Amino acid sequence: MALSATDLKRGGAASALLLPATLLVVVALVAPMLTLLRYSFNAYDPIMLMRETFTLENYARFFAEPYYHEVILTTLAVAFGASFGALLLGFPLAYFLARTKSRYKSLLVVLVVFPLLVGNVVRAAGWIALFGSQGILNVTLIKLGLIESPLEIMYTDWAVIIGTLSVVMPFMVLSLQSVIENVDFSVVDAALNLGASRFQAFRLVFLPLVMPGVTAGFALIFILCMNAYATPYLLGGPGYKMMAPALYEQISVISNWPFGSALAFILMATTVLATLVVTRVVRGKTV
Amino acid sequence: MAELVIRNLVKTYGDHRVVDTINLKAETAELVALLGPSGCGKTTLLRSIAGFVPISSGSIEIDGRDVSKLAPNKRNTGMVFQNYALFPHMSVAENVAFGLAMRKVPKSEIEKRVAHALDLVSLTDYAERRPRALSGGQQQRVAVARALVVNPDVFLLDEPLSNLDAKLRMSVGMQLRALQQKLGLTTVFVTHDQKEALMMADRLVIMRAGRVVQEGTAEHLYQEPATRFVADFLGHSNVLTGTPVEGGFRTDGGIKLPSASTDGPRVLAVRPENLLLGGETEGVETVLDATVETVTYLGSITEASLLLPGGERVVAHHQNRTGRELHLAVGDTIRVGWRTNATQLLIDDMSEAA
């Protein structure tokens with residue numbers, strides 16, 4: 001079919017509507033990324049800070065220094081730990097929210113979203129005040145004579161994992177809830193009617209139907225965790241070894257833009273790769 | 001296949017009795033239709049037979065065994081859901097095989113029985129398709145095959161024709177009925193569509209507000225409705241309100257009509273096809289002069305709405321046999337009449353609802 005003048009006009013109008021978003025993406029995302037990518041092949045110079053060249057030195061340094069192996073492994077461990085934790089804790093909650101016929105349902109959803117209204121930094125600061133070595137909890141316990149020296153709660157791996165988990169939990173619950181709400185539960189009834197036990201109906205019918213959505217939700221949360229900055233910095237302490245704080249330190253404290261840029265791309269590549277592996281594994285299992 | 005017996009079944013939600021003391025029996029190989037308006041409790045009753053709705057009191061027996069406390073997967077019923085509830089992530093063959101796999105039937109036998117079931121519903125060529133790739137009628141047949149392949153004791157159908165378009169409904173209904181008779185399935189069928197029930201059922205159970213109003217064969221219910229509700233729900237009936245008087249019945253419009261029974265508050269009911277028009281009224285007991293209000297030509301019949309002298313409105317169906325065509329115009333005065341044996345004095349169970 002030939003395109004008429006109105007079709008073309010309509011196509012023009014549609015393109016015009018897409019333009020602002022496209023421009024925003026190009027200016028705010030693509031251009032800075034390309035700049036950083038170019039920087040990552042430059043060399044650091046203590047005096048000039050950055051020297052134009054083309055070298056793989058920054059990437060080589062990352063793979064050569066055991067310190068950065070530890071950083072990336074800690075990042076992966078925290079991200080997986082927090083994401084799996086959020087999945088395990090969030091699934092029952094999301095299931096309940098999706099299935100409840102309570103008239104308080106919307107109130108419950110608001111309660112789930114509520115933590116998002118409190119910024120990461122504010123929340124982490126509150127935790128420091130509560131759980132820090134000079135925090136209310138430790139001071140009280142010492143005054144009561146229950147302990148002699150403060151408990152080490154802050155600045156541990158667990159503090160970071162639990163902190164990150166609590167930040168991403170609302171996202172996990174909301175994405176799981178929408179997935180579960182889209183399931184037609186008569187298929188579960190059908191499975192029971194055909195002789196399946198409740199567990200079999202769950203595993204053979206319900207789970208395969210929600211799995212694509214669960215994977216998508218998990219991937220979203222995992223990416224958030226991999227890139228977490230404020231929570232690890234505040235709850236893990238300034239020296240905590242995760243990628244986002246480490247690369248920020250390179251760029252803003254040491255002013256080593258080339259190495260910081262390389263770290264950024266390594267973080268991105270690792271995130272993409274890990275997300276792909278996880279979704280592949282899950283998909284391979286269910287289909 | 002087996003006999004299904006339900007005794008004094010009650011299901012309450014809070015104070016509300018959704019199913020109120022139902023007694024029901026489906027003989028071996030009998031198809032019983034539960035018919036009623038939405039909210040009458042028919043679906044709750046069906047779901048309680050399948051075990052999805054825990055009952056408040058009473059019992060459900062299948063083949064003499066009380067199953068009312070058993071989980072759904074222990075009852076051996078085969079249910080076809082209104083939306084078919086096919087497993088979207090499985091092929092047609094996997095859907096049908098599911099119940100057999102749950103019963104730990106050996107693989108080679110599963111293959112044979114799935115093939116046989118798909119053959120029964122003429123879907124052999126579609127075994128590897130996903131449900132989404134099938135038409136509504138085909139999906140319905142998959143649901144039927146999936147429910148039947150496990151040799152259920154009772155076959156349960158929840159509005160199985162309601163998601164099909166009107167043209168398909170008739171033929172699919174006939175096929176389903178033929179299959180049920182061929183396999184001798186004890187079947188409970190839920191519908192709000194009287195045509196489906198009349199077409200398929202051995203016996204109809206008319207439900208209203210959680211109770212059985214009347215049960216019997218289609219003919220029995222149509223010709224001898226026990227109450228105004230049944231007469232009105234099954235087919236159309238002209239209902240004249242009034243009071244029984246000596247030797248007959250006086251309508252609220254003041255027309256005195258001869259009739260037989262005279263006890264209790266009653267309404268007089270006449271089916272539209274039993275209203276005789278013009279020359280047909282020769283020699284019948286009741287003849288009145290009516291004004292034609294609307295005329296609708298429907299091919300085989302002409303439907304006319306008539307205003308009686310007492311102010312009541314009735315609907316008449318005239319059969320358009322060759323040589324007997326009726327030419328009516330709005331505003332005409334026409335004689336309308338009926339035989340006394342074509343009328344019924346019915347218990348008025350609608351007035352409190354009206």
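Since the model is a prediction, treat every value here as computed from it, not as a measurement. Every heavy atom of this structure was used, including side-chain atoms; hydrogens, water molecules and symmetry mates were not. In what follows, chains carry the letters A, B, and so on, assigned in the order in which the sequence lines appear, proteins first and then strands, with residues in each chain numbered from 1.
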(message) Under 4.5 Å from any heavy atom of chain B, what part of A/Ala201 do you find: side chain, backbone, both or neither?
(response) neither
(message) Once rounded to the nearest 0.5 Å, what's the spacing between atom CG of B/Asn73 and atom CD of A/Gln200?
(response) 8.0 Å
(message) Is A/Asn193 close to chain B through its backbone or its side chain, or both, or neither, when contacts mean heavy atoms under 4.5 Å?
(response) both
(message) What verdict does the side chain to side chain contact (heavy atoms under 4.5 Å, CB included) test give for A/Asp184 and B/Asn83, after you've listed the backbone C-alpha separation in whole Å, the side-chain angles of each residue and the deciding distance to 0.1 Å?
(response) CA-CA 10 Å; A/Asp184 167 17; B/Asn83 64 355; 2.8 Å; yes
(request) Please name the pair of heavy atoms, one in B/Ala85 and one in A/Ser186, separated by the smallest distance, quoted to 0.1 Å. (result) CB-OG, 3.3 Å
(message) How about CD on B/Glu111, more than 12 heavy atoms from neighbouring residues, nucleotides or ligands closer than 6.0 Å, or not?
(response) no
(request) Taking atom NE2 of A/His69 as the centre, report whether more than 12 heavy atoms of other residues, nucleotides or ligands fall under 6.0 Å from it. (result) yes
(message) Using every non-hydrogen atom in the two residues, find where A/Asp189 and B/Phe52 come nearest and quote the distance to one decimal.
(response) O-CZ, 3.1 Å
(message) Is B/Arg75 close to chain A through its backbone or its side chain, or both, or neither, when contacts mean heavy atoms under 4.5 Å?
(response) neither
(request) Decide if atom CZ of A/Phe80 counts as having more than 12 heavy atoms of other residues, nucleotides or ligands within a radius under 6.0 Å. (result) yes
(message) Tell me whether the count of non-hydrogen atoms from other residues, nucleotides or ligands lying under 6.0 Å of NZ in A/Lys105 goes above 12.
(response) yes
(request) Mind listing the closest non-hydrogen atom pair of A/Leu204 and B/Met102 along with its distance? (result) CD1-CE, 3.3 Å
(message) Less than 4.5 Å to any heavy atom of chain B: does that hold for the side chain of A/Leu209, its backbone, both, or neither?
(response) side chain
(request) State, to 0.1 Å, how close B/Arg103 and A/Leu194 come at their nearest heavy-atom pair, and which atoms those are. (result) NH1-O, 2.7 Å
(message) So for B/Leu100, is it side chain, backbone, both, or neither that comes closer than 4.5 Å to the heavy atoms of chain A?
(response) neither
(message) Using every non-hydrogen atom in the two residues, find where A/Ala196 and B/Phe98 come nearest and quote the distance to one decimal.
(response) CB-CE2, 3.9 Å
